[in-house]
Amino acid sequence: MTRLANLDVDLLRSFLAVARTRSFSRAGAELHRTQSTISLQIKRLEDSLGYRLLDRTPRSVTLTPRGEAFSAAAQQMVALNDEIVARINEPDLAGTVRLGTPEDFATSHLPDVLARFAEVHPRVNLEVTCDLTLNLLDGFRDGAFDMVLVKREQGRRMDGTRVWREPLVWVGNGPAVALRETLPLVVSPTPCVYRKRATEALATVGRAWRIAYTCGSLAGSIAAVRAGLGITVLPKEMVPPGLSRLDGVGLPNLPDTEIALLTAATLATPAARLRDHITRSLEQAGG
């Protein structure tokens with residue numbers, strides 16, 4: 001008869017921290033534990049499961065194939081544990097949290113995340129503002145938000161925690177527009193990570209382009225692309241019905257971009273709970 005392992009949530013947290021940071025020392029700093037304690041916890045977890053989760057060398061830490069598969073289940077278990085604890089220990093948690101987010105991210109991945117938080121904490125009022133990253137950063141610096149989700153260049157040193165990675169694709173109403181000698185682009189105002197991605201990629205391959213339509217609204221940009229005024233760049237998972245990815249028409253590949261979560265130096269308890277919930281939820285979703 002197969003022996004069933006009882007998984008310790010504390011061990012799962014340590015494993016997820018190592019998986020996220022790719023470092024025992026950074027995981028220890030994040031969890032306020034020593035590197036040796038983290039190493040011992042990972043060994044206990046691997047022993048209880050009967051297989052290795054991590055490949056370790058003096059210079060690197062990587063997930064084994066089983067570790068990759070186990071990571072998603074571990075995230076689900078930790079999230080469920082924390083949700084249950086929140087329901088029991090903080091049923092009357094109340095207050096207001098001011099969150100800023102890019103419009104496209106708010107229409108795709110964020111609604112379900114916020115809905116789950118609101119269900120657990122019905123007395124916490126969420127004030128969500130959708131805007132361009134530049135405006136969100138300005139508002140954050142002026143104290144208008146408790147936290148903001150912002151687009152940033154992948155790997156760029158910047159305050160905040162990466163919570164999502166976005167593969168980007170070219171999008172249009174068909175291949176004909178993409179075959180024009182001078183490529184018409186539908187973009188957001190400068191500065192915009194997607195706009196920069198598009199123009200830099202085209203410059204790299206020597207493709208002529210022009211800005212055909214500039215709009216700060218996602219809906220307005222999509223309408224312009226539908227009308228055939230140009231092509232645009234969107235996250236792969238956000239290509240709307242009626243538009244298509246422009247693969248195989250000679251357009252250059254686009255590097256991924258990131259979504260980072262920036263939080264105020266001091267957070268009230270409701271905001272701290274939302275920060276933790278957003279981070280866990282987006283990691284679980286594959287960011």
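Every heavy atom of this structure was used, including side-chain atoms; hydrogens, water molecules and symmetry mates were not. No experiment lies behind these values; they were computed from the predicted model shown.
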Judged by atom type as modelled, is there a donor-acceptor pair below 3.5 Å linking the side chain of [X] to the main-chain atoms of [Y]?
| X | Y | value |
| --- | --- | --- |
| Arg13 | Val78 | no |
| Thr133 | Val150 | no |
| Ser71 | Gly67 | no |
| Glu68 | Leu63 | no |
| Ser48 | Leu45 | yes |

In residues 94-101, what donor-acceptor pairs under 3.5 Å come from side-chain atoms, sequence neighbours left out?
from, atom 1, to, atom 2, distance (Å)
Arg98, NE, Asp146, OD2, 3.4
Arg98, NH1, Gly143, O, 2.9
Arg98, NH1, Ala144, O, 3.3
Arg98, NH2, Gly143, O, 3.4
Arg98, NH2, Asp146, OD1, 3.1

Nearest heavy-atom pair of Ala178 and Val249: which atoms, and what distance?
-> CB-CG2, 4.0 Å

Taking all non-hydrogen atoms of both residues, which atom of Leu234 and which atom of Pro240 are closest, and how far apart?
->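 Looking at all heavy atoms of both residues, the shortest contact is CD1-CD, 3.9 Å.
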
Contacts of [X] that satisfy salt bridge (Lys or Arg N to Asp or Glu O under 4.0 Å) - sequence neighbours left out:
| X | result |
| --- | --- |
| Glu181 | none |
| Arg226 | none |
| Arg195 | none |

Is there a side chain to side chain contact (heavy atoms under 4.5 Å, CB included) between Leu251 and Leu183 once you walk through the steps?
-> CA-CA 10 Å; Leu251 295 173; Leu183 194 66; 3.7 Å; yes

Residues in side-chain hydrogen bond (donor to acceptor under 3.5 Å, both in side chains) contact with [X], at least two apart in sequence or another chain:
| X | answer |
| --- | --- |
| Ser23 | Ser25 |
| Asp142 | none |
| Arg52 | Asp55 |
| Arg26 | none |

Within 45° of the axis and under 6.0 Å from the centre of the six-membered ring of Tyr194, does NZ or CZ of Lys151 qualify?
->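 Yes - Lys151 lies over the ring of Tyr194, closer than 6.0 Å to its centre and within 45° of its axis.
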
Look up atom [atom1] in [X] and atom [atom2] in [Y], then write down how far apart they are to the nearest 0.5 Å.
| X | Y | atom1 | atom2 | value |
| --- | --- | --- | --- | --- |
| Asn173 | Thr232 | CG | OG1 | 12.0 Å |
| Gln41 | Leu12 | CD | CG | 10.0 Å |
| Leu274 | Leu267 | CG | CG | 9.5 Å |
| Leu93 | Arg273 | CG | CZ | 7.0 Å |
| Ser188 | Glu103 | OG | CD | 8.5 Å |
| Ile259 | Thr257 | CD1 | OG1 | 6.5 Å |

Shared hydrophobic cluster, [X] / [Y] (ILVMFWY, side-chain heavy atoms < 4.5 Å):
| X | Y | answer |
| --- | --- | --- |
| Phe105 | Leu134 | no |
| Trp164 | Met147 | yes |
| Val171 | Leu229 | yes |
| Leu137 | Val193 | no |
| Val186 | Met238 | yes |

Do [X] and [Y] have side chains that approach each other closer than 4.5 Å (heavy atoms only, starting at C-beta)?
| X | Y | answer |
| --- | --- | --- |
| Val18 | Val61 | yes |
| Pro252 | Trp170 | yes |
| Leu185 | Leu202 | yes |
| Ile231 | Val225 | no |
| Val128 | Leu114 | yes |
| Leu168 | Asp256 | no |
| Leu110 | Leu149 | yes |
| Leu7 | Met77 | yes |

If you count the non-hydrogen atoms of other residues, nucleotides and ligands that lie under 6.0 Å from [atom1] in [X], is the total more than 12?
| X | atom1 | value |
| --- | --- | --- |
| Asp138 | CG | yes |
| Arg207 | CZ | yes |
| Arg44 | CZ | no |

ring-ring contact (aromatic ring centres under 6.0 Å, His included) partners of residues 11-61, not counting sequence neighbours, each pair once | Phe15-Phe70

Please lay out, stage by stage, how Lys43 and Asp47 fare under the test salt bridge (charged side-chain N to carboxylate O under 4.0 Å, His left out).
-> CA-CA 6 Å; Lys43 185 178 186 306; Asp47 288 346; 2.9 Å; yes

Strictly by modelled atom types, are Ser39 and Ser36 linked by a side-chain donor-acceptor pair under 3.5 Å?
-> no

Pair Arg33 + Asp10, salt bridge at N-O below 4.0 Å = yes

Working for side chain to side chain contact (heavy atoms under 4.5 Å, CB included), residues Val169 and Val239 | CA-CA 9 Å; Val169 294; Val239 180; 4.0 Å; yes

Contacts under 3.5 angstrom, residues 210-224 side chains, donor-acceptor by atom type, not counting sequence neighbours:
from, atom 1, to, atom 2, distance (Å)
Ser217, OG, Ala219, N, 3.2
Ser217, OG, Gly220, N, 3.2
Ser221, OG, Ser217, O, 3.2

Can His277 and Val120 be said to form a side chain to side chain contact (heavy atoms under 4.5 Å, CB included), step by step?
-> CA-CA 11 Å; His277 173 76; Val120 176; over 6 Å; no

Could you work out the complete set of other residues in the hydrophobic cluster of Leu132, with links drawn between I, L, V, M, F, W and Y side chains under 4.5 Å apart?
-> none

Do any pairs count as a side chain to side chain donor-acceptor pair (under 3.5 Å) and have a residue in residues 234-251, sequence neighbours left out, and if so which ones?
->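 Qualifying pairs, neighbours excluded: Arg245-Asp247.
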
